[in-house]
Amino acid sequence: MIAPVFMLLTFAILETSMVFFANMILDNAVIDTGRLIRTGQAQTGSMTQADFRNAVCDQVKILLSCDPTNLLIDVRSFANFSGSAFPPALDAAGNLNPNLNAYQPGGSSDATGSSIVLVRVLYKWQLYTPLFAQYFENMGKGSGVRLIAFSAAFKNEPY
């Protein structure tokens, strides 16, 4: 009688741990690959959107799939922080915004201009523990999907 409750609790703890571990991996990937843009290595090395995706995938492939339907990468540049406007990740119904596929690394932030960049990486994590998913999901009722996201906003360095 206690075994099913114990197993459900055990799997819920394991799944929660895996989600937090995946979030940590995603955080580190955004910080590391975002540094390529901030320091100008991506711009001077002619890094394409596919190259940037591969750089992120190299960081997250330990645990996460690089499937474009699950891993979304959005890089946008703005003239200043106050003028930065980007689309929200989810709409009012909890569906993922389909316009999260930009790649605008911006330019050098020298004395003549400013280049603010927002790097967002989102991953759709499928939840498997029954009953637990309905409390932990954040992408629509009954979807069983948790959106893991990390963003980094920075000003490009002069290069």
Side-chain angles (χ1 to χ4, degrees), residues 13-128 133 135-140 143-159:
I13 290 170
L14 289 173
E15 189 158 43
T16 303
S17 301
M18 292 300 291
V19 169
F20 283 113
F21 184 58
N23 197 10
M24 184 186 69
I25 289 173
L26 198 63
D27 294 355
N28 288 331
V30 172
I31 290 168
D32 287 347
T33 54
R35 188 175 297 123
L36 296 173
I37 293 174
R38 191 170 88 202
T39 59
Q41 295 174 30
Q43 295 89 327
T44 58
S46 301
M47 184 177 264
T48 65
Q49 186 173 10
D51 294 336
F52 190 77
R53 174 177 267 292
N54 288 336
V56 171
C57 284
D58 287 343
Q59 299 282 327
V60 301
K61 65 183 175 186
I62 297 167
L63 184 63
L64 307 176
S65 165
C66 288
D67 179 20
T69 59
N70 288 336
L71 182 69
L72 303 165
I73 301 170
D74 190 32
V75 179
R76 297 174 190 262
S77 66
F78 307 98
N80 53 42
F81 280 109
S82 63
S84 60
F86 50 91
L90 299 174
D91 63 12
N95 299 317
L96 195 60
N97 186 342
N99 299 322
L100 299 176
N101 194 25
Y103 182 70
Q104 305 161 352
S108 175
S109 178
D110 54 15
T112 61
S114 175
S115 187
I116 307 303
V117 178
L118 173 69
V119 178
R120 294 191 292 180
V121 178
L122 304 107
Y123 187 80
K124 295 190 296 187
W125 182 276
Q126 182 65 47
L127 299 168
Y128 295 106
Y135 300 108
F136 203 55
E137 67 190 9
N138 63 354
M139 287 192 60
S143 67
V145 175
R146 173 87 182 166
L147 185 65
I148 301 172
F150 188 75
S151 302
F154 50 83
K155 180 177 180 179
N156 280 350
E157 296 177 359
Y159 53 87

Nearest heavy-atom pair of [X] and [Y]: which atoms, and what distance?
{"X": "Y128", "Y": "E15", "answer": "N-OE2, 2.6 Å"}
{"X": "P105", "Y": "N156", "answer": "O-ND2, 3.1 Å"}
{"X": "L90", "Y": "L147", "answer": "CD2-CD2, 3.9 Å"}
{"X": "A102", "Y": "D74", "answer": "N-OD1, 3.2 Å"}
{"X": "L71", "Y": "V60", "answer": "CD2-CG2, 4.4 Å"}

I'd like to know if the side chain of Q49 pairs up with that of N101 as donor and acceptor (distance under 3.5 Å, no hydrogens or angles considered).
yes
Report yes or no: do S65 and D67 form a side-chain donor-acceptor pair below 3.5 Å?
no
For S151, give me all partners under side chain to side chain donor-acceptor pair (under 3.5 Å), at least two apart in sequence or on another chain.
none
Is there a donor-acceptor pair closer than 3.5 Å between any side-chain N or O of [X] and the backbone N or O of [Y]?
{"X": "S108", "Y": "Y159", "answer": "yes"}
{"X": "E157", "Y": "G40", "answer": "no"}
{"X": "K124", "Y": "V145", "answer": "no"}

[Y] and [X], any side-chain heavy atoms less than 4.5 Å apart:
{"X": "I148", "Y": "W125", "answer": "yes"}
{"X": "V75", "Y": "I73", "answer": "yes"}
{"X": "F78", "Y": "K155", "answer": "no"}
{"X": "T33", "Y": "F52", "answer": "yes"}
{"X": "R38", "Y": "V117", "answer": "no"}

Please walk me through it: do V119 and F154 pass side-chain contact (heavy atoms from CB on, under 4.5 Å)?
CA-CA 9 Å; V119 178; F154 50 83; 3.9 Å; yes
Taking the basic N atoms (NZ, or NE/NH1/NH2) and the acidic carboxylate oxygens, is any pair closer than 4.0 Å for D51 and R53?
no
All N/O donor-acceptor pairs, side-chain side in residues 20-30, below 3.5 Å, sequence neighbours left out:
unit_1	atom_1	unit_2	atom_2	d
N28	ND2	M24	O	3.4

Please round to the nearest 0.5 Å and tell me the distance separating atom CD of Q41 and atom CZ of R35.
9.0 Å
Kindly state each residue pair satisfying ring pair (Phe, Tyr, Trp, His ring centres under 6.0 Å) with at least one member in residues 24-48, sequence neighbours excluded.
none
